[in-house]
Amino acid sequence: MQGNANNGIEKLVESLELITARLLEVTVANNQIATSQTPEMRGLFDKWLECLTGEILRVIDERNGNINVTELAKALGLSSSSTLSLLLSLERKGEVDITEINAKKGDGKNREICGCLKP
């Protein structure tokens, strides 16, 4: 019985170590990006977003406004979540009007959590 308790504590400690390491990694990466925000880097990022949103607008026109977010995400090389965020940004800017959304129940897995933290 004592062995099972120790095993559980060891797994908990290991899990906490992974979480701490991942948080530190993300913090360091964010700091590196933030400190390298030169005008050139910002310009490249803006150009990348311009290309992505241009492609989204092209697809909307091509398909008479009917798009599949999952398919569009794959075509753009983005996650569905990021693609939807870009669509919402275009809607907030008045470049598109989102009139319908079709949704289905998900798998319950948070796609924003790194695979290294998942059990």
Would a single hydrophobic cluster contain both [Y] and [X], if residues Ile, Leu, Val, Met, Phe, Trp and Tyr are joined by side-chain heavy-atom contacts under 4.5 Å?
{"X": "Val26", "Y": "Leu18", "value": "no"}
{"X": "Ile56", "Y": "Phe45", "value": "yes"}
{"X": "Leu24", "Y": "Val13", "value": "no"}

What's the spacing between [X] [atom1] and [Y] [atom2] if we round to 0.5 Å?
{"X": "Thr53", "Y": "Leu86", "atom1": "OG1", "atom2": "CG", "value": "7.0 Å"}
{"X": "Glu10", "Y": "Ser15", "atom1": "CD", "atom2": "OG", "value": "13.5 Å"}
{"X": "Leu16", "Y": "Thr20", "atom1": "CG", "atom2": "OG1", "value": "6.5 Å"}
{"X": "Leu52", "Y": "Leu76", "atom1": "CG", "atom2": "CG", "value": "5.5 Å"}
{"X": "Lys74", "Y": "Leu72", "atom1": "NZ", "atom2": "CG", "value": "12.0 Å"}

Salt bridge (Lys or Arg N to Asp or Glu O under 4.0 Å) assessment of Glu14 paired with Lys11:
CA-CA 5 Å; Glu14 183 179 316; Lys11 285 185 177 185; over 6 Å; no
In a table with atom names and distances, give each donor-acceptor pair under 3.5 Å that connects a side chain of residues 87-102 to protein atoms at least two apart or in another chain.
none

Any Lys/Arg nitrogen of Lys47 or Glu50 sitting under 4.0 Å from an Asp/Glu carboxylate oxygen of the other?
yes
Quick check: closest heavy atoms across Ser80 and Val69, and the distance to 0.1 Å?
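So the minimum-distance heavy-atom pair works out to O-CG1, 3.7 Å.
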